[in-house]
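When a residue number appears, it is its place in the shown sequence, counting from 1.
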Amino acid sequence: MMMARKQDVRVPTYSINVVGLSGTEKEKGQCGIGKSCLCNRFVRPSADDFHLDHTSVLSTSDFGGRVVNNDHFLYWGEVARTLEDCVDCKVHVVEQTEFIDDQTFQPHRSTALQPYIKRAASSKLASAEKLMYFCTDQLGLEQDFEQKQMPEGKLLIDGFLLCVDVSRGMNRNFDDQLKFVSNLYTQLAKTKKPIVLVLTKCDEGVERYIRDAHGFALNKKNLQVVETSARSNVNVDLAFTALIQLIDKSRGKSKIIPYFEALKQQSQQSAAAKDKYEWLVGRVVKSHNDTWPNISRRMQSCSEYQDYVYLEGTDKAKKLFQQHIQRLKQDHIERRRKVYLSVLPRALDVLVPDLDEIDHLSCPKVAKLLESKPDFSNWFVVLEDTPWDLTSHIDNMDDDRIPYDIMETALAADMYSGHLEKLRNARKKSEMKKAFKENLAASPFITPGKPWEEARSFIMSEEFYQWLEEPVYMDIYSKHQKEIIDKAKEEFQELLLEYSELFYELELDAKPSKEKMGVIQEVLGEEQRFKALQKLQAERDALILKHIHFVYHPTKDTCPSNPSCVDTKIEQLISSRCPYPYDRLYKDPNVDRINLVILGKDGLARELANEIRALCTNDDKYVIDGKMYELSLRPIEGNVRLPVNSFQTSTFMPHGCLCLYNSKESLSYVVESIEKNRESSLGRKDNHLLNLPLTLILVNRRGDTSGETAHSLIQQGQQIASKLQCFFLDAASTGLGYGRNINEKQISLILRFLLESKKNLNLVSSSPSIKDLVDCDLRIVMCLMCGDTFYMEEVLNVLKPHTYRPSQLGVGGSVLLDLPLGSQKRRLELLILSYHASFNVRKTKLVHGYIVFYAAKRRASLAMLRAFLCEVQDIVPVQLVALTESPVSLLDNLTRDQLTEGEEIAQDIEGKFLNLQCGQAHPKMDTFYSFFKDVVEKKVIIEASHMYDNTAEACSTTEEVFSSPRAGSPLCNSHLPDSEEDLDPSPQHILPRDDMGLAAPSRDHSKLEDSDSLPFISVMSTLESKLNNKVPPPLKPKPDLSYLDPACRDGHRRSLTSITWPPSDAFDPSDYAEPIDSVVKPRNQEENIYSVPHDSTQGKIITIRNAIKPQSNGSGNGSDSDMDTNSLERTRKASIVTKPVLYRTKCAKLGKFSSYRSSFSVGSDDELGPMRRKDEEIGTPGQKDNTTNAYEADGEDPRKRNILRSLRRTTKKRAPKLRPSLTKQTWESSYFGVPLVNVVTHERPIPIFIEKCVEYIETTGMSTEGIYRVSGNKSEMDSLQRQFDQDHSLDLVEKDFTVNTVAGALKSFFAELPDPLVPYTVQSELVEAYKINDLEQKLQAMKELLKKLPKENQEIFKYVISHLNRSVSRVFIHC
């Protein structure tokens, strides 16, 4: 019922009659009182619909038309309004007037012959088919306007608006008007209808008239007065609203606003609308060539335009537009003038750069001279019309040539004068700069690192001060200092390389002792290149520490020649010549590889990668159409221009990319990343990333079920996919549940698409045959010195007559050669490495020979060769190759001396020597055949030595074997680590995976299976594996020895490859360990044992004692049984060899600094680990002797005991011998170890040291393994802090500190704080908060506790935690 009643409520309708003084010109004056304007403004308030001219003088035809309809009143129409109480109503407006005949100038005769006062007071109006009135132009042209009739041809008047014109009307007396209004009011009052007195034209009102009008109203009972202005649209609506509220008694009286207050509000509204409209015009109109019709159409839908046009009209809007266009044009001209004037100096520089040519010419003459220049048309344009700012040339934005008539302006003349002055000053300054540079270069007082304050008095003169500004000569001096410092550093680095033997003899580690640092400075102290950096001691120490780090941890990154390291160049050359990609060498031939990049923001990439991995097998393989594929995923979520987020790496070449998005932001990230990736690929030789197959996928947007959002994302994705020419997949529409982005069917579809794309791009190649990857017979290392001036291609050209392929080791610089050596063809693996990489290979891999290259003209090259050969056993053949640039007769003395020294070294060590002249005819592989022959002959003893060393290390349980950075095959001695940080083995970037071992040539496997035999070389591989993994051999129970039958030991000689061992389930002494084996027992010098495999012992190891000690019969002779002792002794005599020694003992030129090796313990006292010191405290010779005696007293089988002894390695501790050292200078810091409040400010809440360290780590080291886990070099960290303490603007990138050093210095900063970052008072509370089980409560409690931290601690804590979070995120990306 309520709804029905509400629907029946009708909008109230009121009819209002507007009356006032009317009549002939004699009665009302030359103009009306404003009744028509008042009605016009109320019914049609828009400025465009408002007309000021409404005439009452009409022709007879117009008076008889349907608009006037022979009546003396006008029907203005119906208008809807909303009152103050938000009630809608309709108002019919009628204006009572008196129309005058344009012929007789008397009132027209109508049906109503009553006078105006009687007619105006009528409450009932009737006129059949009377039309609504718009304006005077409507009369006679009614068909061109809207034709709306007065409803039912009659109206009942509800109230009257009595108008009084308060302006100074022409030929009108106000008192007469007021008398007429008084009579009219009396007549209107008789109708008992509400009346409101309206003062019109108040914008031109006379104060006395207004006052008299108000006085008239006061004399009338309840007569309200409203001051209006139809022209200004002030209080017009208020007049009608006030009358309506009087008509409807249920409504309260409206508040009458004075004219000036209402005018102020209206002016403010108009001003605001104007400001908004001008803003709109400024935003829409950008060119002075825009036209009003086009712009007005574009602005019609804008509220700013509509509001202003409503208030002020289209004409004013157009006028403002034209003013804006004029301003734009003037601004454009000024901009063009500035552009031309800015180009003019450059034009003068190009066309008349010679001062001698124009020094005597005026501007007009120079203008004529410019026309004769060949390039005049490139800088100037001659226009047909002038001036230039009135021509269309101003709109030719593609032509920045200067209009020629500009040269006639005063600004151009001023610029020409400035050009002359500039040339004169430039000539003088150039002369002064040249003289200043010459003085710097010639002065002996300018040394590297010398401050300007000390050098000023030796260099500067009055003339320099006059012509060179301080920034100029300071810049020249800084550049000169940089040049001489860089040169001094390069020479000092070369000096360090020339003393390579010293650094390797000292056995340095990450924390060299003070004594060793003192020795280095003592030895280098007399060198001029050392003294050259006297004023840069901190940087000199940093270079020494950096070189020590390179010696201890040699990699391509730490190489002084990086990025021109030999290993990098060789890998690139070899990879370009190899037929098979490296990443396909070890895969199953039936398994293809798919490298897939997953690009997505806010965790999308990681989520999808996890979902795909969940569908793969345990070894990351995926089955498609019955075939197995190896799937490698690379999720990327950050800036793809950073190396850590690169699409392609040295080990990952993408075959396709999945682009994920679930929002506009993530879609924008995908598009930007693809564009950045394609931009970075342009111009590159391997630009296959430009054609990388892409798949754009819309995944689930969790928590968002908006259909409109999903629809817009699909449309945007499809548009982007079309633009990128890629496949689009809407995974979100498949109805997947929470936590799933894409289903298995869609994954398979995408992978099939990528496989097809790979085939089209020829990225799928046939897998290499297993036959191509059989093991090699020999391994040769070719050593090259980084920084030597020779072409890598010339070295590789030696291999041209033979085929070469990547080796099984996966090392980028290794190749396989099939060479006919002796009576059979052998496969040789050639590792082409730098010397620093060769050190690692020498210590960890079985090597049969070395080919060492050195540049004869470079001392450092020969020094590195000597340092390398010092630690090589004398049983390993060596081929020395000297590289020269010209014939011997043309060499300088240094080159000749080094060439001679290389020959002498080769003679002393019984090696081969070859002089290779670069750029000449290259020797073929036949040149090295004699060397390869020696390698083949010594193959057995080398492998036995390697097996012996690895067996001894594998059986040892002491840190002395497992942890030494210097220990390795084929060395016989091992050493303790220099510090506790060396317990982890240094990374081997040269050999990224375990050695596969060297297997014997292929033979009949059926025979091996029948005899249950095992190739000798496989045992050696097992021992190498034990060595690499550093796991001692297991303790096994001793089985029955009944299989040791004499029949198994026939006297026939067999080749090494046919040697057999006991059955796999039988006892083998080398596989078992006694409890006593865990104790390292020293031997006297004469008891040293060396073991080699012998051909006649069926794979057993023969123990060979030192020749000076007599052998005893029975036990201890290494025989297999007592029955064949005589036979075995005869065999031993035939095969006895001396124990290998190092080349340093055979050549006097090697081991120049060997005295320092025995002068130190492995490290200073503070560098030795706790276990070493503990062993020294509790270990005594007496205890060792007792252990040895107990072992000898054991009733074990002597044969077995001898074999175990033969596999045990002895190590003799050296007595520490201290040497004097240069003590480390102490320094007090005003920055480190002080409270945080001392190093922060209000403007910089984060200490600058922390900011620099974090920026350096995030910029250069996010891909570094163990950023904060791996300790940095302590001396480098101290050097970094010391340099920063002296200069807070220290550039870490320029100083080239390692990432671990910077991270360690950052950790040290917090460790040295007097009060920790999280104060002690809060730590216990944090621990208690962490014990809360509920996660939300725990987080809330911890947040509240962290708020208790001091302000500076809070800011630093948030900064550091954010950095650590980013670091962890990068780690997950790499994983």
Side-chain angles (χ1 to χ4, degrees), residues 511 537-538 541-542 545 981 1166 1223-1259 1261 1267-1295 1297-1330 1338-1368:
K511 292 184 178 180
Q537 294 185 15
D541 294 343
L545 292 173
E981 294 186 3
D1166 59 340
T1223 59
K1224 189 176 181 180
Q1225 183 179 0
T1226 59
W1227 58 286
E1228 296 183 1
S1229 172
S1230 60
Y1231 195 89
F1232 299 94
V1234 300
L1236 287 175
V1237 69
N1238 293 357
V1239 294
V1240 299
T1241 61
H1242 180 71
E1243 295 78 11
R1244 185 182 287 275
I1246 307 300
I1248 186 173
F1249 181 76
I1250 297 179
E1251 284 186 349
K1252 284 181 175 290
C1253 290
V1254 169
E1255 290 175 0
Y1256 181 82
I1257 292 171
E1258 293 187 352
T1259 303
I1267 297 176
Y1268 291 99
R1269 174 176 56 81
V1270 177
S1271 300
N1273 188 295
K1274 185 64 168 66
S1275 302
E1276 287 192 4
M1277 295 189 313
D1278 293 341
S1279 175
L1280 188 156
Q1281 291 185 340
R1282 183 164 59 252
Q1283 292 184 57
F1284 178 83
D1285 201 46
Q1286 298 172 358
D1287 182 11
H1288 288 1
S1289 62
L1290 180 68
D1291 190 347
L1292 300 182
V1293 177
E1294 181 180 353
K1295 297 300 180 182
F1297 290 106
T1298 64
V1299 174
N1300 297 118
T1301 296
V1302 176
L1306 181 59
K1307 292 191 293 185
S1308 178
F1309 173 86
F1310 289 106
E1312 295 173 2
L1313 291 176
D1315 195 27
L1317 183 61
V1318 180
Y1320 298 111
T1321 56
V1322 183
Q1323 292 179 3
S1324 58
E1325 299 182 48
L1326 279 174
V1327 173
E1328 294 300 324
Y1330 185 76
K1338 178 193 296 185
L1339 294 177
Q1340 185 63 29
M1342 297 181 78
K1343 288 180 181 178
E1344 295 298 329
L1345 289 175
L1346 292 177
K1347 291 180 181 178
K1348 296 182 180 180
L1349 300 181
K1351 182 64 177 177
E1352 57 272 9
N1353 293 51
Q1354 288 186 31
E1355 295 296 330
I1356 298 174
F1357 184 83
K1358 289 189 293 185
Y1359 184 80
V1360 173
I1361 289 298
S1362 300
H1363 161 63
L1364 295 177
N1365 181 53
R1366 291 191 294 271
S1367 302
V1368 173

Heavy atoms only: give me the nearest [X]-[Y] pair and the separation to one decimal.
X     : Y     : result
P1247 : I1356 : CD-CD1, 3.5 Å
M1277 : T1301 : CG-O, 3.4 Å
G1261 : I1267 : O-CD1, 3.3 Å
K1252 : L1290 : NZ-O, 3.2 Å
V1240 : P1245 : CG1-O, 3.4 Å
P1314 : G1233 : CD-O, 3.6 Å

Measure the spacing between [atom1] of [X] and [atom2] of [Y] and express it to the nearest 0.5 Å.
X     : Y     : atom1 : atom2 : answer
R1282 : Q537  : CZ    : CD    : 9.5 Å
Y1256 : D1291 : OH    : CG    : 9.5 Å
K1307 : N1300 : NZ    : CG    : 8.5 Å
Q1323 : E1325 : CD    : CD    : 11.0 Å

Those residues that, when tested against [X], pass side chain to side chain donor-acceptor pair (under 3.5 Å) (two or more places apart):
X     : value
Y1359 : none
E1251 : R1244
E1355 : K1351
E1312 : S1308

Quick one, [X] and [Y] - any side-chain contact, counting heavy atoms below 4.5 Å?
X     : Y     : value
N1353 : V1318 : no
L1280 : L1292 : yes
L1349 : P1319 : yes
L1345 : Y1330 : no
S1230 : D1285 : yes
L1317 : L1236 : yes
V1239 : F1232 : no
H1363 : I1257 : yes

Just checking F1310: does its CZ atom have more than 12 heavy atoms from other residues, nucleotides or ligands closer to it than 6.0 angstrom?
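More than 12 within 6.0 Å, yes.
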In terms of the angle between their ring planes, are F1309 and Y1231 parallel, tilted or perpendicular, with boundaries placed at 30° and 60°?
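Ring orientation, 0 to 90° scale: tilted.
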Does the S1279 side chain pair with the main chain of S1275, one donor and one acceptor, at a distance under 3.5 Å?
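Checking the backbone N and O of S1275 against the side chain of S1279, no donor-acceptor pair under 3.5 Å is found.
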Can you sort out the partners of A538 under side chain to side chain contact (heavy atoms under 4.5 Å, CB included), two or more places apart, ordered by chain and number?
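Side chain to side chain contact (heavy atoms under 4.5 Å, CB included) list for A538, sorted by chain: Q1283.
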E1255: salt bridge (charged side-chain N to carboxylate O under 4.0 Å, His left out) partners, not counting sequence neighbours
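So E1255 forms no salt bridge (charged side-chain N to carboxylate O under 4.0 Å, His left out) with any residue.
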